[in-house]
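Okay, so here's the structure we're looking at.
Both counts, for ligands and for their atoms, begin at 1 and track the order of listing. Being a predicted model, the structure only gives us computed values, none of them experimental.
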Amino acid sequence: MAETIYQGNILYSTSYDELKVIPNGYILVKDGFIEDVCETLDEKHKRIEVVDYKDKLIIPAFSDLHIHAPQYPQRGIGMDCLLFDWLNNYTFPQESNFQNSDYARSIYAKLIRDLIANGTFQLSLFTTIHYGACDTLFRMLHEAGLYAYTGITNMDRNSTDYYVDTTKDSLEKTERFIQEHQYSKTVKPILTPRFAPTCTKELMLGLGELARKYDLGLQTHLVESRAEAAWAKELFPEYASDGEIYEKCGLLQGSGPKIFAHVIFPTDTEERILKEYSGIAVHCPDATSSITAGIMPLNEMHKKGVTIALGTDVGACHFMGVYHQVARAVQISKMKEFYEEGQKRIMLANAFYLATVNGASIFNRIGKLEKGYRFNALVIDNMLDEEYNTSLSDALERFCYSGDDRNIVARYLDGKLIDPEEVYQRLVNIRV
Ligand code: GUN
Ligand code: FE
């Protein structure tokens, strides 16, 4: 049995409001799981190897519950557009490149290297409509050992003529993908209708049947902008709002996670659905600031009992690290408080909780540094500053605002030290 003790400053969230800080503590890890967390070592620990991260922070790895894998090459580009122009002028042309599986292999290997470098070990990814590229991504995530959901992206209208499926093709590919991707313990298929405007009712109903038949979850974009919410209503006039389309077409019938990106303009219907089906609303603050119009009413939804996690929404976000989204969530909540009466900002501890505990809630025993949890963790260096007398929670805050992957000096996935470059070398050699 592999046993190791990690010594360092331990920080993780125990609740929305509470950040637990254990200065110079010890984490005992056995076979990938945390066996004990303590402030001092006793006699029975003496024979176990101790890895010394004394001057550093040990924190949980991050979860990115909304990222578009094929948009990795376009991050930071077209950021002056609003949603529809950005989709038509940048995103659909870029995603259509994934027809070419060699291109997919090259991009997805780099994406995963960058995700691991930035400490994102749990995630839910959008893809494209191309079977080969989606299969490549799934295999690479599996090979890397990441915890993930992904699926074929569905769209059968309102895209472009060079990047759209027929309803029949979209459903057939999706079912084949589900059937052929049951082999991984850490990566699972999920239904991925892009958003209501690019999916016909026939397609939605077909996906609803697959949700029931294979007991699947769903990821999509929901009430992302005023224009999007209005267009969805116009295209599906028989339903009260965007969220009801998924409910009435049967897409919420499976037991898998229900992940809704953005949720900037929720009506009572969206809030009811999120709660009734244990859905997760994913806040992507950089993307929201760049290409969409509005800021999620995060504090209000949290108070009403909606579960909220964080996402990057790359390529609508220019940074890979979820830790930057922790900082940005605080920043834009202050904007909302400043400009809108009755809104209240969130604190760093709140956002960190969303990025670690809530984000990992769709996976098993991940997100905290407590007994029984998987040791998916990061070691952070160079954020403590003697001249300023930085506290440990200051150091975490500073990392979220101004850190980058160079400050992550060790990464543990299921208790194993992983190196992004070594994983990359394995991925580029995968046979597809
Ligand atoms: N809505 C539909 N497609 C997309 C996308 O690719 N990104 C974002 N942010 N919103 C979308
Ligand atoms: Fe998105």
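Aromatic ring pairs are classed by plane angle as parallel below 30°, tilted from 30° to 60° and perpendicular above 60°; the pair H324 and F319 is tilted. Between F126 and H68, the ring planes lie tilted relative to each other; the angle falls in the 30° to 60° range. Using bins of under 30°, 30° to 60° and over 60° for the plane-to-plane angle, the ring pair Y183/H142 lands in the perpendicular bin.
Only the side chain of W86 comes within 4.0 Å of ligand 1, counting heavy atoms alone; its backbone N, CA, C and O stay farther away. Looking at L87 against ligand 1, only its side chain comes within 4.0 Å, counting heavy atoms. In E228, neither the side chain nor the backbone holds a heavy atom less than 4.0 Å from any atom of ligand 1.
Residue-level check: among N/O/S atoms of D313, OD1 sits closest to the Fe ion (ligand 2).
Looking only at atom types and distance, the side chain of N299 has no donor-acceptor partner in the side chain of Q343 under 3.5 Å away. Between the side chains of Q71 and T91, not a single donor N or O lies within less than 3.5 Å of an accepting N or O. Q331 and Y401 share no donor-acceptor pair across their side chains, judged by distance under 3.5 Å alone.
Taking every non-hydrogen atom of H68 and a distance limit under 4.0 Å, the qualifying atoms of ligand 1 come out as 5 (C), 6 (O), 7 (N). Atoms of ligand 1 found under 4.0 Å from any heavy atom of L83, numbered from 1 in the order shown, are 10 (N), 11 (C). Taking a cut-off of under 4.0 Å to the non-hydrogen atoms of H262, the atoms of ligand 1 that pass are 9 (N).
Tested against E143, the residues N429, V423, I430 include a single side-chain contact (heavy atoms from CB on, under 4.5 Å) partner, I430.
A distance of 11.0 Å separates OH in Y53 from CD1 in I27, rounded to the nearest 0.5 Å.
The N/O atoms of D313, backbone and side chain alike, include one that comes under 3.5 Å of an N/O atom in ligand 1. At least one N or O atom of E224 sits closer than 3.5 Å to an N or O atom of ligand 1. Residue contacts with ligand 1: Q71 is placed with a nitrogen or oxygen under 3.5 Å of a nitrogen or oxygen of the ligand (distance criterion only).
The distance from the Fe ion (ligand 2) to the nearest N/O/S atom of E224 is not under 2.8 Å. Residue contacts to the Fe ion (ligand 2): H221 brings an N, O or S atom closer than 2.8 Å.
At least one heavy atom of I291 sits less than 4.0 Å from an atom of ligand 1.
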Exercise. Does the pair F98 and H130 meet the rule for a ring-ring contact (aromatic ring centres under 6.0 Å, His included), with working shown?
Worked result: CA-CA 7 Å; F98 284 74; H130 313 105; 7.2 Å; no
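At a threshold of 4.5 Å between non-hydrogen side-chain atoms, the residues Y424 and E421 count as touching.
Scanning the protein heavy atoms around atom 3 (N) of ligand 1, the nearest turns out to be R194 NE, 2.8 Å.
An angle of 100° is found at the Fe ion (ligand 2) between H68 atom NE2 and H66 atom NE2, rounded to 10°.
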